[in-house]
Amino acid sequence: MNNSQLLHADHSAAVLEAVLELTEAGLWELEIDSGGPSMRMIGVVRDVTRYHEQESRWQRLARSVPGIIYTFRVDAQGRASFPYTSDRVRDFYGVTPEEVSRDPSCIFDAIHHDDFSRLMESIEASRRHLTDWQFEYRARAGGTWRWMEARSSPEREPDGGTVWQGLIYPVDERKALEDKLRRLSLTDELTGLYNRRHLLACMDEEIARFRRYGTPFAVVMLDLDHFKQVNDTWGHAVGDEVLKGLARLFRERLRETDIAGRAGGEEFLLLLPNTDEAGAVAMAEGVRRGLAATSFSDGKGGAFQVTVSGGVAAMRDPAEEHNHLWSRADRALYRAKEAGRNRVRCR
């Protein structure tokens, strides 16, 4: 028996007497006597120790996972909610699970605007076809954009709603590695310029544009004069500095739409969109003069200059392929070499 003091609505004290008895059937009977008519309630007593232990283990597991365990739901009317998010949501989104449960927009508002529409479209496709959902997107937390990946499986509920159980985790390191590998597949490691394979792909794009719209473009093949002597005289480290110096000159002089690449060794190619033959010659001459006026250190306290020869070929025939255009520029370059180097010729 237990005596508890409560207050009436008029703040006067009320003394209640509760009598709890456990019946043979395992039910409890509770009788409350407040001085007036007695109240009697019947219920069940359950041992929930195991439930609380399991809940505690689940919370420890959720905290150990390097991501957010979540339940996402879209009801039959299209309203979205997060019935559950693990406590790690604080680390990645800067909000509490309770805040997410009350207002799912605190998650959606953190998603990069360039990714949001595609993310919602992918969720709708998963809802409609009940297919597993996987999506990579950028989310802002703590003033920093991070790459996240979400994975989950949908289930249809009896009321027509759809619920996903899944995991959201950061993939910054993987995306950085993918980006590095992508750059390496497109660029020359020493100079940072595009490589031959990417140059050919860009040439094919410009050829397609020429065939469809008649948009002019030209290519310039450049080759450093007597570059072997640079390596033989001052070493390959000095030669590498010359190659990087020419790459810097391209970045300074070319337009944003122009593409510069290292074709191999000391040979480079410039792809100049919306440029005719005369414009390409002028660009090549500017590069040639700029390099001739540049001094390079020989690594021993001295300095030297190098020159470059160039061959120009403009797109003329819609039937021409990139290998023919490349070959014409190469032949023009050969003419420049034959004429004495440090000059530009057309083909």
Side-chain angles (χ1 to χ4, degrees), residues 61-74 80 82 84-97 99-100 103-154 162-202 204-205 244 247-248 250-251 256-262 271:
L61 174 63
R63 285 193 295 269
S64 69
V65 172
I68 305 166
I69 300 172
Y70 71 96
T71 300
F72 177 66
R73 185 176 187 273
V74 176
F82 285 91
Y84 172 80
T85 54
S86 63
D87 201 54
R88 292 298 300 273
V89 74
R90 302 172 187 265
D91 301 332
F92 299 112
Y93 286 92
V95 293
T96 65
E99 290 172 322
V100 176
D103 183 9
S105 67
C106 61
I107 292 290
F108 294 131
D109 290 347
I111 297 172
H112 197 285
H113 61 86
D114 288 343
D115 302 329
F116 183 76
S117 295
R118 293 185 300 106
L119 181 143
M120 298 307 293
E121 289 170 2
S122 68
I123 291 176
E124 174 57 22
S126 175
R127 184 200 67 80
R128 191 164 55 250
H129 303 295
L130 289 182
T131 52
D132 287 349
W133 183 65
Q134 176 184 356
F135 196 82
E136 294 179 356
Y137 61 95
R138 288 158 291 180
R140 192 174 185 85
T144 302
W145 289 106
R146 300 195 63 179
W147 274 102
M148 308 294 289
E149 180 172 323
R151 292 173 177 262
S152 60
S153 298
T162 308
V163 64
W164 289 259
Q165 313 280 356
L167 179 67
I168 301 171
Y169 48 93
V171 290
D172 300 286
E173 292 184 2
R174 191 186 76 200
K175 295 297 289 187
L177 178 60
E178 290 175 356
D179 186 57
K180 181 180 179 180
L181 293 175
R182 183 188 63 82
R183 289 197 307 271
L184 289 174
S185 71
L186 300 177
T187 60
D188 169 62
E189 187 174 3
L190 176 65
T191 63
L193 300 176
Y194 288 118
N195 59 24
R196 186 186 185 97
R197 182 174 65 177
H198 187 64
L199 287 171
L200 292 175
C202 292
D204 285 338
E205 291 178 4
K244 290 189 285 187
R248 285 194 298 271
F250 292 153
R251 296 187 182 98
E256 287 188 7
T257 55
D258 297 334
I259 297 172
R262 186 180 179 191
L271 177 59

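What you see is a predicted model, and the numbers here were worked out from it, not measured in a lab.
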How would you list, by chain and number, every residue that makes a side chain to side chain donor-acceptor pair (under 3.5 Å) with Gln165, sequence neighbours excluded?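 Checked Gln165 against side chain to side chain donor-acceptor pair (under 3.5 Å); matches are Thr71.
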Residues which pass side chain to side chain donor-acceptor pair (under 3.5 Å) with Arg127, listed by chain and number, not counting sequence neighbours: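 In terms of side chain to side chain donor-acceptor pair (under 3.5 Å), with neighbours along the sequence ignored, Arg127 is linked to Glu124.
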Tell me yes or no: between the side chains of Asp132 and Ser153, is some donor less than 3.5 Å from an acceptor?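 Judged by distance alone, the side chains do pair up.
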Measuring only between side-chain heavy atoms, which start at C-beta, is [X] closer than 4.5 Å to [Y]?
{"X": "Asp109", "Y": "Arg140", "result": "no"}
{"X": "Leu193", "Y": "Thr187", "result": "no"}
{"X": "Leu271", "Y": "Asp258", "result": "no"}
{"X": "Phe135", "Y": "Ile123", "result": "no"}
{"X": "Glu149", "Y": "Gln134", "result": "yes"}
{"X": "Ser152", "Y": "Tyr70", "result": "yes"}
{"X": "Pro97", "Y": "Asp87", "result": "yes"}
{"X": "Leu130", "Y": "Thr162", "result": "yes"}

Taking the inter-plane angle between the rings of Phe116 and Phe108 on a 0 to 90° scale, is it parallel (under 30°), tilted (30 to 60°) or perpendicular (over 60°)?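 Answer is perpendicular, since the angle exceeds 60°.
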In terms of the angle between their ring planes, are Tyr194 and His198 parallel, tilted or perpendicular, with boundaries placed at 30° and 60°?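 If you compare the ring of Tyr194 with that of His198, the planes turn out tilted.
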Flag the pair Arg183 and Asp179 as a salt bridge only when some basic side-chain nitrogen lies within less than 4.0 angstrom of an acidic carboxylate oxygen.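 Looking at Asp179 together with Arg183, the answer is yes, because their closest N to O distance falls below 4.0 Å.
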Cationic N near anionic O, under 4.0 Å, Arg182 to Glu178: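 Result for this pair is no, no salt bridge flagged.
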Could you walk me through whether Leu167 and Arg151 pass the side chain to side chain contact (heavy atoms under 4.5 Å, CB included) check? CA-CA 6 Å; Leu167 179 67; Arg151 292 173 177 262; 5.7 Å; no
Which heavy atom of [X] sits nearest to which heavy atom of [Y], and what is that distance?
{"X": "Arg146", "Y": "Pro170", "answer": "NH2-CB, 3.4 Å"}
{"X": "Phe92", "Y": "Gly67", "answer": "CE1-CA, 3.9 Å"}
{"X": "Trp164", "Y": "Pro154", "answer": "NE1-CB, 3.3 Å"}
{"X": "Ile68", "Y": "Ser86", "answer": "CA-OG, 3.5 Å"}

If the test is side chain to side chain contact (heavy atoms under 4.5 Å, CB included), which one of Glu173, His112, Lys175 qualifies with Trp147?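 Answer to the side chain to side chain contact (heavy atoms under 4.5 Å, CB included) test with Trp147 among Glu173, His112, Lys175: Lys175.
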Checking side chain to side chain contact (heavy atoms under 4.5 Å, CB included) between Thr85 and each of Val100, Ile168, Ile107, which is the one that passes?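 Running side chain to side chain contact (heavy atoms under 4.5 Å, CB included) over Val100, Ile168, Ile107 with Thr85 returns exactly one hit, Val100.
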To the closest 0.5 Å, what do you measure between [atom1] ([X]) and [atom2] ([Y])?
{"X": "Glu99", "Y": "Ser105", "atom1": "CD", "atom2": "OG", "answer": "10.5 Å"}
{"X": "Asp172", "Y": "Met148", "atom1": "CG", "atom2": "CE", "answer": "8.0 Å"}
{"X": "Arg174", "Y": "Leu177", "atom1": "CZ", "atom2": "CG", "answer": "10.0 Å"}
{"X": "Ser126", "Y": "Glu121", "atom1": "OG", "atom2": "CD", "answer": "13.5 Å"}
{"X": "Asp204", "Y": "Leu200", "atom1": "CG", "atom2": "CG", "answer": "7.0 Å"}
{"X": "Glu136", "Y": "Arg118", "atom1": "CD", "atom2": "CZ", "answer": "9.5 Å"}

Under the criterion side chain to side chain contact (heavy atoms under 4.5 Å, CB included), I'd like the reasoning laid out for Val95 against Val89: C-alpha separation, chi angles, the key distance, then a yes or no. CA-CA 6 Å; Val95 293; Val89 74; 4.2 Å; yes
Considering residues at least two apart in sequence or located in another chain, which fulfil the ring pair (Phe, Tyr, Trp, His ring centres under 6.0 Å) criterion with Phe250?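 Applying ring pair (Phe, Tyr, Trp, His ring centres under 6.0 Å) to Phe250 gives Phe268.
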When you measure from the side chain of Asn195 to the backbone of Ser185, do you find a donor-acceptor pair of N or O atoms at a distance under 3.5 Å?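 Such a contact is found between Asn195 side chain and Ser185 backbone.
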Step by step, work out the side chain to side chain contact (heavy atoms under 4.5 Å, CB included) result for Asp188 and Arg196. CA-CA 9 Å; Asp188 169 62; Arg196 186 186 185 97; over 6 Å; no
